[in-house]
4 protein chains.
Amino acid sequence: MVASQPTCENNEKKPNNPVFRHQLSVRLYDTDAAGVLYFGSQFRLAHDAFETFMAQHGFPISIMMTEPYLLVVRHAQSDYTAPVMLGDTVDIDLYIERLGRTSFTCNYTLQVNDMPVGKAKTVHVTIDRKTRNAVAMPGEMRAALQLHKVDQ
Amino acid sequence: MVASQPTCENNEKKPNNPVFRHQLSVRLYDTDAAGVLYFGSQFRLAHDAFETFMAQHGFPISIMMTEPYLLVVRHAQSDYTAPVMLGDTVDIDLYIERLGRTSFTCNYTLQVNDMPVGKAKTVHVTIDRKTRNAVAMPGEMRAALQLHKVDQ
Amino acid sequence: MVASQPTCENNEKKPNNPVFRHQLSVRLYDTDAAGVLYFGSQFRLAHDAFETFMAQHGFPISIMMTEPYLLVVRHAQSDYTAPVMLGDTVDIDLYIERLGRTSFTCNYTLQVNDMPVGKAKTVHVTIDRKTRNAVAMPGEMRAALQLHKVDQ
Amino acid sequence: MVASQPTCENNEKKPNNPVFRHQLSVRLYDTDAAGVLYFGSQFRLAHDAFETFMAQHGFPISIMMTEPYLLVVRHAQSDYTAPVMLGDTVDIDLYIERLGRTSFTCNYTLQVNDMPVGKAKTVHVTIDRKTRNAVAMPGEMRAALQLHKVDQ
C-alpha cells in the first residue's frame with residue numbers, strides 16, 4: 001500500500017445523504033414527574049444514536065475495552081425546544097460537525113413527527129488508555145467519520 | 001355484539017409460540033465500573049421489552065396518562081447468571097406467567113448468543129387513578145395478555 | 001426597593017460567599033464500563049445540587065407539581081476535564097450566572113480533592129403549565145437566586 | 001474465637017440496633033411520567049444505602065476495582081406498597097438477613113414520614129475476578145456484616 005494515509009481507506013462510499021438517522025421510543029424510564037422527557041435522558045438518546053452509528057461503521061464502542069485507546073466525551077450539550085412525551089417516537093439525525101486529528105464533534109437533531117424537539121452535541125476525544133493524553137484516532141475511524149461530515 | 005364479555009374480543013390469534021421476543025443492545029449507559037451490565041439496568045431492559053409488548057398489543061404505556069386507571073409495578077425481581085458485556089445483543093423472551101382480574105405477572109428470560117444470562121419478573125396492577133385501589137383491568141388488555149400466557 | 005413588588009422580599013441575607021456547595025459520592029450506578037463517571041451522570045450530579053439548592057431556598061422542585069408554572073430546562077452543557085472514579089467524593093459549587101425575568105443560568109464547578117474535574121451549566125425557564133409559554137418567575141424565587149448571583 | 005481466622009477481628013462493637021439507616025431525597029431523575037418513583041429507581045436508592053453501609057464499614061465498593069475478588073449482585077427484588085413522590089425524604093433501613101461463606105442477603109425497608117412505602121432485597125456474592133467462581137469473602141467483611149445481621 002503506497003498511499004500516504006493507507007489506514008484512511010474505507011470501502012464505504014460517500015452516501016448521498018451523509019446524515020445518519022436513528023429512531024427510538026421514549027420509555028417510562030426516560031420521563032420524569034413533569035410528565036415529559038427528563039432533560040438528562042436526551043443525552044442517553046443521543047448517545048444511543050452515537051453507539052449505533054459507530055457500531056455500524058466498524059467501531060462498536062466495546063472495542064475500547066480492548067484497544068490501547070479510549071474514546072471519551074470531553075463536552076456535551078443539549079437544547080430542548082418542545083416537550084417530548086412518553087411513547088413518542090424520536091428520530092435522531094446525526095452528522096459529524098468537526099473532525100480533527102484526535103477529536104470530533106457529533107451533531108444531533110431530534111424530531112417527533114417531523115417537528116424539531118431538541119438538539120445536542122457531543123465532543124469525543126481518543127486518549128491513550130494509560131497516560132490519558134490525546135492520541136490520533138485510527139485512520140479507519142477518521143475515514144468513516146469523514147463520510148458523515150457535513151460542512152458548516 | 002352479543003358475547004357476555006364483549007370487551008374481551010381480540011382479533012389477534014393465539015400465536016403458535018406465545019412467547020414475545022424483544023432484542024436490544026447493551027449501551028455504555030447500562031454498564032458500570034465492574035465492566036458489565038449494572039444490576040439495576042436489567043430492569044430497564046426488561047421493562048423496555050414490556051413497553052414494546054404492550055404497545056404492540058394496543059396498550060402503549062402512555063395511555064395511562066389519559067385513562068382513569070394506572071398500570072403500576074407492585075413487585076420486581078431479577079436473577080443474574082452470567083456477566084453481560086458492553087455491546088452485547090440481548091434477546092428477551094417475555095410471557096405472562098399469571099393473569100388475574102386486577103394484576104398479572106410478566107416473566108422475562110434474557111439470553112446472549114443463546115446462552116441464558118438472567119431472568120426477571122414484574123407484577124403489574126391496574127389501580128384507580130384517584131383512589132389508587134386495585135380495579136379490574138380492561139377486558140381487551142386481559143384478552144391480549146391471555147394470548148401470551150404460558151401455563152406453569 | 002419600593003413596595004410594588006412585595007413578593008420580592010427575602011429574609012436571607014446576602015451570604016459572604018454566594019457560591020452554594022453540595023457534596024455527593026459517585027455510586028456504582030453513575031459509572032460505566034470505561035471505569036469512570038458516565039458523561040451523562042454529570043448532569044444528574046449537577047441537578048442533584050440544583051434540587052438541593054432550590055429546596056433550601058424555599059422552592060423544592062416538587063412545588064411545580066402544584067403551581068401554575070413549571071420550571072423546565074432549556075439548555076444543558078457539561079465539560080469533562082479529568083476522570084472521576086467510583087467512590088470519589090465530588091464537591092459541586094453552584095452559582096447563578098445569569099438572572100432574567102423568565103429564565104436563569106446555573107453554573108456548576110465539580111472538584112474531587114480540590115482538583116477540578118468538570119463544569120456544567122443549566123438554563124431554566126419558568127413556563128405556564130398550560131400554554132407552555134415563558135412567564136415571569138415568582139418574585140421570591142428571583143430574590144433567592146439574586147443572592148447567589150456572581151457577576152461575570 | 002480461636003486465632004485460626006485472625007482476619008475476622010473487627011473493632012466495631014455490636015451496635016444496640018443492628019439496623020443501618022440511610023436517608024435520601026427523591027430527585028426528579030428518580031421519578032417517571034406517572035408522577036411517582038420509577039420502580040427501577042428503588043433499586044438505585046437501596047444500592048445507595050448499600051454502598052454507604054459498605055464504605056462506613058471499611059469496604060468501599062471501589063475496592064473491587066483493585067482487589068482480586070469482585071462483589072456482584074446475584075439477585076434483586078423490590079416490593080412497592082405506596083407511591084413515593086418527588087421530593088420525598090426516604091429512610092432506608094438495611095440489615096443483613098443471611099450471611100454465608102461466599103454470599104449474603106441485604107434486606108431494605110423504605111419509609112416516608114414513618115410510613116412503609118417499599119421493601120427490597122439484594123443478594124451479593126464474592127467471585128474471583130478471573131474465573132468468576134464464588135470465593136470466600138474476606139474475614140473482615142464477614143465480621144462487619146455479622147454485626148448487622150438480624151435473625152429471622
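Computed from a predicted model, the values in this text were never measured in an experiment. Throughout, protein chains are lettered first and strands after them, A, B, ... in sequence-line order, and every chain is numbered starting at 1.
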Heavy-atom pairs under 4.5 Å with chain D: which of C/Asp48, C/Thr52, C/Thr31, C/Ile63 has the most?
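Most heavy-atom pairs under 4.5 Å with chain D: C/Asp48.
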
Closest heavy-atom contact between C/Leu28 and D/Met64?
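Heavy atoms only, the tightest pair is CD1-CE, 4.0 Å.
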
If I compare all heavy atoms of C/Arg27 with all of D/Glu51, which pair ends up nearest, and what's the gap?
CA-OE1, 3.4 Å

